[in-house]
Amino acid sequence: CSIAGSEYIGGIAGTAAVVSDCSSMTKFSGGAEKMGGVLGCIDEVTEKIENNYYLPIEGDMGGIDGISYDGSAQALDEESFFELKNLPEDFKKVSVRFLGEDGSEEMITLNYGEALQTERIPAVPEKDGHSGYWDGLEELDLAALYFDVTLRAAYDAYETVIASAALRADDRP
């Protein structure tokens, strides 16, 4: 998931007393304190926090409140993370959904980190008097996608009147 907040934000939970055998893929897009790939905060590491792993995306924020703990809340590299025996298959796939204003939907499924080829992007459904685009597509790094994304069709109305800055002798355009 992509995580944002001010404090107590984590890949599994903001705060908890018992967390075991969990995995998360985290990208922090905001936050000030009490942040971690597994938990934002706990009072102290105990035996109740064990066997949690996370894959940091775009920077490691630590496992719990900025610190990783071996055996409790630790980061793994991509190869080790994807070899975890109980890792859900959904973690290895990325879905790109294209939603039209008319209710149409198309989905492209990629492997984690795979590039989205521009020729696979569907055309925006047509709308009379408008030009369309996929909102958010221009911000995506198509070279490697790591998270599911939904793009919605957006439209700009065609200009039906264009004003001129040139004026005639009687001050009319």
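We're numbering straight along the sequence, starting at 1.
Looking at F147, F82, F81, F91 one by one, the single match for ring pair (Phe, Tyr, Trp, His ring centres under 6.0 Å) with Y112 turns out to be F82.
The two residues G132 and Y155 have their closest heavy-atom pair at CA-CD2, 3.6 Å. Between T109 and R120, the closest heavy-atom pair is O-NH2, 4.2 Å. Considering all non-hydrogen atoms of both residues, P122 and I108 come closest at CD-CD1, 4.4 Å. Minimum heavy-atom separation, P56 to A75: CD-CB, 4.0 Å. Contact between D148 and S95 at its shortest, heavy atoms only, is OD1-N, 2.8 Å. Counting all heavy atoms, side chain and backbone alike, L110 lies closest to A115 at CD2-O, 3.9 Å.
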Inset, instruction - Go through the steps for R97 and E106 under the test side chain to side chain contact (heavy atoms under 4.5 Å, CB included), then give the verdict. - result: CA-CA 6 Å; R97 292 177 54 210; E106 291 191 43; over 6 Å; no

Inset, instruction - In sequence, state the C-alpha distance, the side-chain angles, and the governing distance for Q74 and L76, and then conclude on side chain to side chain contact (heavy atoms under 4.5 Å, CB included). - result: CA-CA 7 Å; Q74 68 187 76; L76 295 176; 4.1 Å; yes

Inset, instruction - Any chance you could lay out the side chain to side chain contact (heavy atoms under 4.5 Å, CB included) test for D65 and L39, step after step, and finish with the verdict? - result: CA-CA 7 Å; D65 195 11; L39 293 171; over 6 Å; no

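Between the S24 side chain and the G37 main chain, a donor and an acceptor come within less than 3.5 Å of each other. Checking side-chain atoms of S23 against main-chain N and O of L87 turns up no donor-acceptor pair under 3.5 Å. Distance alone, capped at 3.5 Å, places no donor-acceptor pair between the Y133 side chain and the A154 backbone. Without hydrogens or angle criteria, E83 side chain to S80 main chain gives no donor-acceptor distance under 3.5 Å. Panel note: side chain N52, backbone E50; a donor-acceptor pair is recorded below 3.5 Å.
Side-chain contact, N111 with K93: a donor N or O sits under 3.5 Å from an acceptor N or O. For the residue pair D60 and Y54, a side-chain donor N or O sits within less than 3.5 Å of a side-chain acceptor on the partner.
Neither V96 nor Y146 shares a network with the other; the hydrophobic side chains, linked directly or stepwise wherever heavy atoms of I, L, V, M, F, W or Y lie under 4.5 Å apart, form separate groups for each. Both V38 and I67 are members of a single hydrophobic cluster when ILVMFWY side chains are connected at heavy-atom separations under 4.5 Å. Linking Ile, Leu, Val, Met, Phe, Trp and Tyr whenever their side-chain heavy atoms come within less than 4.5 Å leaves Y53 and I12 in two separate clusters. Follow the hydrophobic side-chain contacts under 4.5 Å out from V149 and you reach L116 in the same cluster.
Side-chain contact between L145 and E114: absent, with no pair of heavy atoms (C-beta onward) separated by less than 4.5 Å. Contact check for E7 versus M35: no side-chain heavy atoms found under the 4.5 Å cut-off. Residues L142 and I121 meet the side-chain proximity criterion, which asks for heavy atoms closer than 4.5 Å.
Atom OG1 of residue T26 and atom CE of residue M61 lie 9.0 Å apart, to the nearest 0.5 angstrom. One distance of note links CG of D135 with OG1 of T150; it measures 11.5 Å at 0.5 Å rounding. One distance of note links CD of E139 with CG of L151; it measures 9.5 Å at 0.5 Å rounding. Between the CG atom in N51 and the CG atom in D21 there is a gap of 5.0 Å [rounded to 0.5 Å]. One finds the CD atom of E33 at 8.0 Å from the OG atom of S6 (value rounded to the nearest 0.5 Å). To the nearest 0.5 Å, atoms CD1 (I57) and NZ (K27) are separated by 9.0 Å.
In summary, E101 and K127 engage in a salt bridge, as defined by a charged side-chain N under 4.0 Å from a carboxylate O.
Residue E126 qualifies as open at atom CD: its count of foreign heavy atoms under 6.0 Å is 12 or below. With a 6.0 Å radius and a threshold of 12 heavy atoms from other residues, nucleotides or ligands, E138 has its CD atom above the threshold.
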